[in-house]
Each structure stands twice: as C-alpha cells, then as structure tokens.
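Down below is the structure, laid out as structure tokens.
Note that ligands are numbered from 1 as they come in the structure, with each ligand's atoms numbered from 1 the same way.
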Amino acid sequence: MNEVAAPTRAPTEPGAEPCAERRAADPAQEVARLREAVLEKLCYSVGKDRNTASDRDWFIAVALATRDRIVNDWMLSVRAAYQENRRRVYYLSLEFLIGRLLIDSLTNLGLVEPMRAALAGLDIDLDKLRQVEPDAALGNGGLGRLAACFMESMATLSIAAHGYGIRYDNGLFRQTVTDGWQHEYPEDWLDFGNPWEFPRPEVNYNIGFGGVVESTPRDPGSAARIWRPGETVVAVAYDIPIVGWRGAQEHNFVNTLRLWSARAPDPLRLDAFNAGDYVGALADQVHAESISKILYPADSTPAGQELRLKQEYFFASASLQDLIRRHLTQNGDINTLHEKAAIQLNDTHPAIAVAELMRLLVDIHLIDWERAWEITQATFSYTNHTLLPEALETWPAALMERLLPRHMQIIYLINAKHLDHLRAEGMDDPGKLSALSLIDEHGGRNVRMGHLAFLGSHKVNGVSALHSELVKETVFRELHEIFPDRIVNKTNGITFRRWLFEANPHLTKLLGETIGRDFYDNPEALRALEPLATDLDFQARFAAARLANKTALAGLIADRMLIKVDPNAIFDVQIKRIHEYKRQLLNILQTIAQYNEIRAYPMRDCVPRVKIFAGKAAASYYMAKLIIKLANDVARVINNDPTVRDLLKVVFLPNYNVSMAEAIIPAADLSEQISTAGMEASGTGNMKMALNGALTIGTLDGANVEIKERVGDDNIFIFGLTAEEVAARRARGIDARETIAHSPMLREVLESIQDGAFSPDDRHRYAPLVDMLTYHDYFLVTADFDAYVSTQMNVARRWRDRKSWWRSAILNTARTGWFSSDRAIAEYAEDIWNVPVRAP
Ligand SMILES: *Cc1c(COP(=O)(O)O)cnc(C)c1O
C-alpha cells in the first residue's frame, strides 16, 4: 500500500456534523470548490445554463460533482485491494433496495454542509434536490434492504467487497391507491439516467441457455463435458461506487456494486431487416433484454417462472466469470480461488452459482471433481431468509434440464455422491435419505435450491437467534444432524448512517450535543444516554426532537392525503410489505375495536392515536390487496365520523419505499412488529424504529426477541403466542369459531366487517376475509387478538405517563447500538469470510 500516493488530506478537527473533519482546511475554500465543480458539471456534463436548469438538471450536476469526490478513493481502493492481494468478499443478491444516494454519499464524505452552503450561494436548496432523486428500488423489502446496508457497512469496515446483482430497467412497481385498491405502475427510475453508475461495455460475458452436452474426448475418465448452449445472452456490467462512513479517510475502501444488464449478441438481424421484417429483426434483442427488464415483485414466495430462473443463472454466471477472471489476472492459479474469494449467497436466488462454479472448474479449468468440490465449499456461504416450506425455492428438474442441461447433470452428480457418502456412513432410512436429497420426488422431480446452497457452502446462517434455531429444527433438520457445525447465526443489522444520521438529523444533533460524537463511529457509545433517561431536561429535548419529526410527517400526510393529524397523538406505525404473516389484519381489527369503543363510551378518556400504514402487496396476492382495501375502507369511515372527535385517525400512505421509510421512522412512537411467531426471520424495520426511539409492540418473533433482551422488558410491549405455542395451536386445528365465540370484542369487530359497515357499496366485499379468519386462521390473528388489544391498552396507559414513556424511548435508543450492520458485517467477516476488518 506504500506505493499508493494518497491524496492530500485535511487535518482532523471536530466539527458540528458527522465527518466534519474531512473538510478542507479552509471551509470557505471547500465550499467554493464544490460550487465551482457543480457549475462545471451543469455546463459540461448536463449541458445546461444556470438560468434554464431545472431541479433535475441541478440534481444531476450535484450528483456528478459528488461522484467525482468518490472516484478518486475508488481508484485507490481498487489498487490497494490489488496490491495487498486481499481476500475479496463477493455478495451475490438478486435484490439491492438502495434508495436515494445523494445525501448518503455526502454524509459519508462529510460534505453535507459544505454542499448545502455551496448551493445556497447559487440560490439552490439541497433539500429540494434531495427529493428529486429517484428512489432506486431494485428489491422488494427487507432482504434487498439488508444487501444495501451490508454494502455500506463493508465499505465502512474496509472490507474489499463487490456486490453483484441485476440492473433492472424497472425496479419494484410504483403503487397507487385509488378507491382503496392498489394499482401497480412501472417504476421509471432510469428515465433520466443514473448519475451514480458507470457503464462498462467492455466488461461483458456470454451466458448460455439450453442446447446440448457432449462428452469430452480429452479423457474418458474425467467428469468434464462440453456444453453447447442453444442460446447466448450477453451480460454487460454497470458499476456503482459505494462509499462507506468516513469515506474520505485514507484507509477506507470505496467498493463496487456491479449490476448486470442483458443484451443480445447481435442486436439487429440485418437479413430480416433488409427483407422488411422490422419486428422480427429486433426479436432477439427484445428476447434477450427481457432478462434484466423487471424485478419480480413477489416477496416471501418464489416466482417459479422460467424467466426468473434465467435471471438467477444470468447474474450468477456473469458474476462468477467476472470474479474468476479477476482472480486469474492476479493470482494465475484457479486452485487458490477459495483463499482469495469468499462468496455470500443472499438467499437461494443465486444458489445455481454452486453448480455453475463446479461447471467452470471441472469443464473449463479441468480441475478434478473432488478438488473442485472442496474449492466450491470453501468459497461459498449461504444466508437463509425464510422458513416457510412453501417459500423455499425449488425448480422442476425438467425445466432445468431444458434451460441448463449441464448444470442438471452436475446437480445429479453432486446428489449421487452426497447420498452415496451417507449410505457408506451407514444411513439406510429411506425417509431420511429422501429428506436429504437435492431432488424432491414428491409431485414431480424438483431441485431443492436450499439444499444445493447448503451442501455447496462451508457455512449457512439464519438472520436472528430465533430464526437460526428454527432453521436447525425445521427446513434443514436432517442436514443439520449430519453437518452440526454448518449452521450459524448472524442477526441482521441496519446502517446507522442512513437510518439515524440522515433520516433523523434532529435526534442525531441532540445526541451529539449531549453525549459527544463517539457514537458516530461506535454505536455502542449510545449507552452513554442511559443515565439521562430519567433526566427531565433531556427528556424534554428528546421529546422536542421527536415532535419536530412528527410535525414534518403530519405535513407530508396533509399534502399527500389531505388528512389532518395531530402531532401530539401517538403515531402508531406499521410499515412493511403487506403479508398475512405480518398481520396488518390484526392491527386493523384492533383499530376497529378502538373505534367501536370510542363510539360506545364517549365519556371515556381516550388517548388520541394516528394509525399509520404503508406497504406494497405482490400484484398477484389477492388477500394482501384485500387487506389494503380494508385498511383504506376503515380509514375512510373512521376519519369521516364526527363522533370520533379526532381521537383516532387512520392513514394508508401509498408507495412505501426507502425514502418514505426515512420520513416515517423518525416520527414513529409505536412500532408494530406483530407477525405470527416463528414466521418473521428477523425484521429490520423493528431495529430502525427502536433506534429512533419508538417503543415496539410485538410478538416474540425474529429479532424482536433480541431487541427485548437488549432494551429490557419494561421498555417493549410483548404479547401473543410464542413460536412453540403457534406450532402446538396449529396442530390442534385452525378453525377459529371457538376462539371468536370467547371474545365478545372480536365478535363485534368481525360482525361489523361482515355486515358491510366499512363497505356499504359492496356488503360482501370482505366475506372471504371473514371466512378465512373464522374457519381457516392459519396466521392465528384471532388467537392473538385479545392479548393484542389488552397490550394496546397498556400502551395507552403508558403514554399518559409521559415521563415513563420518554424514559423507555430514550433507553431504546441507548440500547440498540448492537443492531448496527457494522456489527453484523464484522461477525460475517470473522466467522464466515475470514477477512480482516478495520473500524472507521
Ligand atoms: C427496512 C425496510 C423493509 C423491511 O421492513 P420489515 O419491517 O423488517 O419487514 C422493507 N422495505 C423498506 C423500504 C425498508 O426500508
């Protein structure tokens, strides 16, 4: 690293904002330099004049000027990783839910205030430009957001890492709600270009599909074969530099998120074009490019479509070819790949990479099978994100044989050797062997991608303590018995830069003024807040910061929804994908119960609440869309009923995305984490809200369990069946008639829905929903209803005692430092990847 000429750095001196010491020695000079850079970009890159430039033009100019500051360090990082010949981490994920990057990049470079000042001198408002940036939504929800947080933390910890994914032309759909129903529209995030990316047309790989496999004449004893694909698609790289916290510091890495876009090898068939068939001439191009056209919008359920399998193989193959090329350029010998590369599979979506690496090693690099398998296992590790048996990815063997004939052979051979080995060890129970097989023989032959990822990896991890234990007991029970050391836990985390510093500058400023800025670099330093939790003066300042955030959110709600909400009410927030297991329905039923109470007992003193919902439903998920409609129907009735006297408001904010999360989370008083126990792998929304001082109402599910352990039982509201009780209860049956009969309040709520109280225009609208809850309540909404309602009453009681509430809220912020994604990544680095980390 010594030969690398480091750029001149400013001396370190504390400032008023995170990373302020990265400013130039003379702040005025820094501001002037930035202003000049922005004007230059506006003129020479955007091609606009100051007087005619739109906000979008200014945004592009500012983003490009910011990017320039990143690129220098990016080059140095690439060079340093090369010279130190580091073991590199490759994070393969079909989803990256990135969100906006402007403020994120400026924050990590320590340039927010200098850029604000530079623009103010031009009469341009940075916060306005912030809103112009499209929200990059190349993911559905938690899984994709985790990948984005991890990219930022890997850069922060100076891990030489590359993210690999797909550059979808259309990310997650834009949701509108008309008449209470969700509608989906394509998201046009690339329409005006993406100023953060660098197209790399020279970095491209051929990706084959279909065709035939021939034996090799080389060596009759070898496992190698020659695959002659019937179709070829080209993967072209686009790079986004990812700058970590204190990104301008010398030793920090700026990492690369490399996203692949699909192209046809010959975009235009001139013979067809010349013959007058203009559509046919372009057919190959359209067909090939469909692979990177859209993100599959399903969450928690596998898509099961041929195009989806093509996407998975397309990006896995391109990424492996790319990282092998890098390895060979530097090291020359494919045999040392596992020493220099650690590949993390984010869920089973990239699991086909296991078979693809075997193919590349055995067929192309002529490594013998056993050695290739050792390299493969030593290179890969796999993160499991779901327990739902129906959500575990499998692919019909027939489809795989047609699309990836060579890979199917390899999978059969991996399986045969695996089962032979088990039999040689004395296993003869056919039930066990079939559970351990890569091929599921029930109802046609299907390849179990989870099993393939498990076998091809040296470590498999769950994403919360509870989830990892359940992984051992359920989906991988038999494999865990045979490989008892393979499954480990890595509880998820979130980047505090985005979810505290950027989303909540009011609170960040207060914390810095109160406990100093150690927590900027060491989240555990938030503990210094604990003694202040009962300090009335600090409580007042904490409450004031929160009120400012709530007032801002109230403004947003007024603007978008024309609903007036009182910032002094409890903001009771459930924001996440709409899914039956997440139980928005339980929340809505309780909302109706409270509405009934307010009307029945107008004399009772009731705590004002605003129920805030946001989230998208998979387009094909009928029940989830009906739940959105119910939330909106209930909102309309309650918000327009004068007898409610503003004691209760219900808001469904359309088009939930990262930017909206950033606006809602700092304003949440109560965080709804009420999934059926055993079904939410971890959750990260729960961490974001607790960190920002919301109290959680939740079940003992996912990371809620660990949040409870850390914040303490008095500072969280836990209710409901445990994962074990859920399993026992389901075993007894999920007909809920008896449960409903025992709860007068629930009966009244269900009857009002049934009778059309919220759907006077269509009285039967919710019949399927009420039927489901009554006869087939798999998610145990009814079983947890009474406990949830009484816990919500505890919440209201607690809110009345504001000193006690603020104490708990402050302790939530003080005690959730552990949920930083830096902590999570440091654990992966040590236990799974075996790479060094360097704190910022
Ligand atoms: C954090 C986040 C999620 C995950 O939320 P959960 O409550 O953990 O399901 C989903 N979408 C967005 C936009 C997020 O920021």
Atoms in ligand 1 flagged as close to [X], the criterion being non-hydrogen separation under 4.0 Å:
| X | result |
| --- | --- |
| G142 | 3 (C), 4 (C), 10 (C) |
| V658 | 13 (C) |
| W499 | 15 (O) |

Task: Heavy-atom proximity to atom 8 (O) of ligand 1, best of L146, T684, N492, I665 - done: T684

TODO: For atom 6 (P) of ligand 1, state which one of A503, G685, G139 supplies the nearest heavy atom.
DONE: G685

Task: contact_flag M687 ligand 1 heavy-atom lt 4.0 Å - done: no

Looking only at protein heavy atoms, identify the closest one to [atom] and say how far it is in Å.
| atom | value |
| --- | --- |
| atom 9 (O) of ligand 1 | K582 NZ, 2.8 Å |
| atom 11 (N) of ligand 1 | Y656 CE2, 3.5 Å |
| atom 7 (O) of ligand 1 | K576 NZ, 2.8 Å |

TODO: Output yes when E197 and R167 qualify as a salt bridge under the 4.0 Å nitrogen-oxygen rule, no when they do not.
DONE: yes

Open item on the list: I'd like to know if E152 pairs up with R497 as an ion pair, taking the criterion as any Lys NZ or Arg NE/NH1/NH2 lying under 4.0 Å from an Asp or Glu carboxylate oxygen.
Closed with: yes

Task: Residue from R798, R609, K611, R546 passing salt bridge (Lys or Arg N to Asp or Glu O under 4.0 Å) with D669 - done: R546

At under 4.0 Å between heavy atoms, is it the side chain or the backbone of [X] that contacts ligand 1, or both, or neither?
| X | value |
| --- | --- |
| K688 | side chain |
| N657 | backbone |
| M660 | neither |

Task: Parallel, tilted or perpendicular, as decided by the 30° and 60° cut-offs, for the rings of W799 and W805 - done: perpendicular

